[in-house]
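Below is one structure, written out as structure tokens; comments come after it.
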2 protein chains.
Amino acid sequence: MNLHSLRYFYEATKYSSLTEASHYLHISQPALTKHIKNLEEEYGVRLVEKNGRLLSLTDLGEELIKECDFLFQQSEKIEQLLKQKSSHIPLKVGVTQLNSEEFIKHILVNDKFKDIQIELTTDNTQKISQLLINHFIDVALLPDTPTLVDFKREKIFSDKLIFVAHPDYCKSNISLKELDSYSFIKREDGSFIQDTLDNWQTDGLYFSNQVATHNEALLLAQYKNGIYLCSSMQAQTMIKSNKLKKVTIESFPVFSRDFYLYFNKNKQVKYFKRYVKEIIDEIKH
Amino acid sequence: MNLHSLRYFYEATKYSSLTEASHYLHISQPALTKHIKNLEEEYGVRLVEKNGRLLSLTDLGEELIKECDFLFQQSEKIEQLLKQKSSHIPLKVGVTQLNSEEFIKHILVNDKFKDIQIELTTDNTQKISQLLINHFIDVALLPDTPTLVDFKREKIFSDKLIFVAHPDYCKSNISLKELDSYSFIKREDGSFIQDTLDNWQTDGLYFSNQVATHNEALLLAQYKNGIYLCSSMQAQTMIKSNKLKKVTIESFPVFSRDFYLYFNKNKQVKYFKRYVKEIIDEIKH
DNA sequence: GAGAATTACGCGCGGCGTAACCATC
DNA sequence: GATGGTTACGCCGCGCGTAATTCTC
């Protein structure tokens with residue numbers, strides 16, 4: 001029997017619709033439908049029936065799910081056994097400065113990664129891509145990179161520059177006229193963030209403080225020290241926990257970069273990819 | 001985890017070597033190796049180790065197999081549940097006269113087919129192939145057939161014309177000089193078998209009796225009535241049970257036809273194919 | 001018309017077989 | 001040299017996503 005289709009069927013029933021399930025299972029909705037049809041056709045049985053515009057389980061479907069509980073519980077047990085005895089060499093991951101902190105915070109410490117041992121390398125895009133090419137690392141999280149043009153990759157998220165501030169510090173939408181009512185947090189000269197700000201408005205911005213790192217800037221922003229421009233990825237968790245809010249400023253252009261996972265062939269990479277995507281989903285929420 | 005590879009690994013351990021297992025599991029031996037490697041690489045574990053020129057299970061491998069017992073026992077239970085509730089429309093199978101008796105005897109009454117309901121049509125090759133083309137039947141067992149040239153097919157066995165006789169009736173190898181010491185069983189004039197015999201030796205053959213059907217001829221041969229020319233497929237079981245033996249006659253040319261399963265797309269056909277192949281293997285032994 | 005499922009279709013990867021090679025007896 | 005396992009390689013089908021369609025509220 002096709003245990004692959006059975007697994008998807010089983011997992012899908014944990015959600016209220018196929019569409020919802022497809023989202024959480026990281027598979028397209030038509031593909032899920034197909035898996036269910038597979039089972040039904042293979043055995044000439046009906047497992048689901050139409051219920052309004054949703055599907056619901058037939059009696060046989062319910063019965064099947066109960067049996068699947070045992071099956072996949074056992075399969076889980078086996079997987080744990082194997083993972084426990086695993087002597088994997090660590091998966092070598094390369095990231096840029098921009099990602100590294102978020103990576104460490106949200107990905108590497110995540111429970112999902114308890115069974116993948118990871119060795120992290122942080123360097124600039126150029127160096128990381130060279131490591132990947134020379135097989136010194138297995139995976140790299142990087143923006144679009146010319147030297148990796150024919151490498152396997154998968155888009156993970158789109159990073160944009162956004163303004164953030166303490167929720168009480170200012171309105172959420174600020175017009176150009178209102179700009180002088182607020183102060184901005186200044187990053188070190190020559191940094192990408194500061195250059196972007198300077199190029200946008202050479203005058204008219206009032207800077208409260210200058211800091212040396214992204215972390216310092218975030219801290220100041222939290223203490224209502226001003227509005228701070230940073231990558232949406234880096235601010236996401238603070239926004240989610242309401243320590244900061246996103247601030248839109250009139251006519252500020254969109255600076256965005258897509259980030260990809262580039263990878264060499266490696267059995268573990270598959271899981272790594274899935275976990276990363278799941279975690280990114282959680283962050284985006 | 002990859003339950004497909006796990007299944008093959010599990011089943012393979014029931015045999016003494018991969019080569020032997022591959023034969024019974026109807027998969028090539030390199031493919032089996034690959035499945036095991038899959039599991040080992042996915043989890044970074046060792047499941048088998050070299051033991052002379054054979055493989056044997058590691059401790060972890062043994063442990064894994066124990067857990068797999070539960071897993072695939074449960075999977076079997078689920079499969080039974082589904083098959084029991086199955087409301088399959090019968091699988092429509094077409095065969096020629098030549099095959100039909102062997103089919104009914106050795107295939108359709110076989111235990112393996114208890115969960116596939118079969119509707120059998122017997123007719124000549126031309127008619128059967130038309131039924132297949134028009135989707136009136138799902139599977140057909142036929143020799144190479146020009147009208148089905150771009151149909152999906154799979155070679156099932158090669159049928160040859162052979163001489164058979166009672167084990168005590170004659171020697172196993174007969175030279176041309178000795179031919180006149182034995183009598184032959186004569187089929188009805190115009191039959192393929194009789195025509196073949198007549199075209200080979202227009203004189204010099206002594207015919208004891210003339211019969212109307214293959215079954216009658218087999219019966220006579222069993223009663224030491226003479227040597228009988230028939231298809232190897234049709235005589236196989238009598239030979240296996242020592243009621244008849246194969247007789248080689250000097251300079252008799254090989255008349256052989258390959259038989260194929262031709263099939264339309266149908267979920268059940270997969271199982272049908274596998275069962276047929278297994279049974280053919282049993283017959284060939 | 002919005003949300004859900006189904007059908008149609010095309011692409012890429014993985015599973016498989018064949019063949020050649022290596023290792024053990 | 002015979003038997004069993006491994007590596008290399010290429011093909012085909014299955015699993016999947018995208019897009020268009022149907023169905024329900």
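Chain letters run A, B, ... following the sequence lines, proteins first and then strands; every chain starts at 1. Both backbone and side-chain heavy atoms feed into the values below; hydrogens, waters and symmetry mates do not.
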*How far does the helix from C/dG1-D/dC25 to C/dC25-D/dG1 bend, going by the axes of its first and last five pairs, to the nearest 10°?*
30°
*Is it true that B/E11 and B/K14 have a side-chain N and a carboxylate O under 4.0 angstrom from each other?*
yes
_For a quick check of understanding: with a heavy-atom distance under 4.0 Å over all strands, which category does B/Q29 fall into, base, sugar-phosphate or nothing?_
base
_Of the listed nucleotides (C/dG17, D/dT18, C/dA5), which one gets closest to any side-chain atom of A/T33?_
C/dA5
*Would you say B/S87's side chain and A/G44's backbone share a donor-acceptor pair under 3.5 angstrom?*
yes
*Pick one: which of B/E40, B/E63, B/E67 meets salt bridge (charged side-chain N to carboxylate O under 4.0 Å, His left out) with A/K85?*
B/E63
*Given atom NZ of A/K34 and atom C1' of D/dG13, what is their separation to the nearest angstrom?*
11 Å
*Counting heavy atoms from C-beta on, name the nucleotide in D/dC16, D/dA8, D/dG5 closest to the side chain of B/P30.*
D/dA8
*Is any side-chain heavy atom of B/L3 closer than 4.5 Å to a side-chain heavy atom of A/F72?*
yes
*Residues of residues 36-62 of chain A with any non-hydrogen atom less than 4.0 angstrom from an atom of DNA chain D: list those, numerically ordered, please.*
A/G52, A/R53
*Go through C/dT6, C/dG17, D/dG13 for me and flag the one nearest to the B/S28 side chain.*
C/dG17
_Set out, in order, the CA-CA distance, both residues' side-chain angles and the distance that settles side-chain hydrogen bond (donor to acceptor under 3.5 Å, both in side chains) for A/S129 and A/T147, then state yes or no._
CA-CA 7 Å; A/S129 64; A/T147 47; 3.3 Å; yes
*Describe the nucleic acid contact of A/K270 in one word from base, sugar-phosphate, nothing, applying a heavy-atom distance below 4.0 Å.*
nothing
*Please tell me which of B/S17 and A/I27 maps to the more 5' nucleotide of DNA chain D, matching each residue to the nucleotide holding its nearest heavy atom.*
B/S17
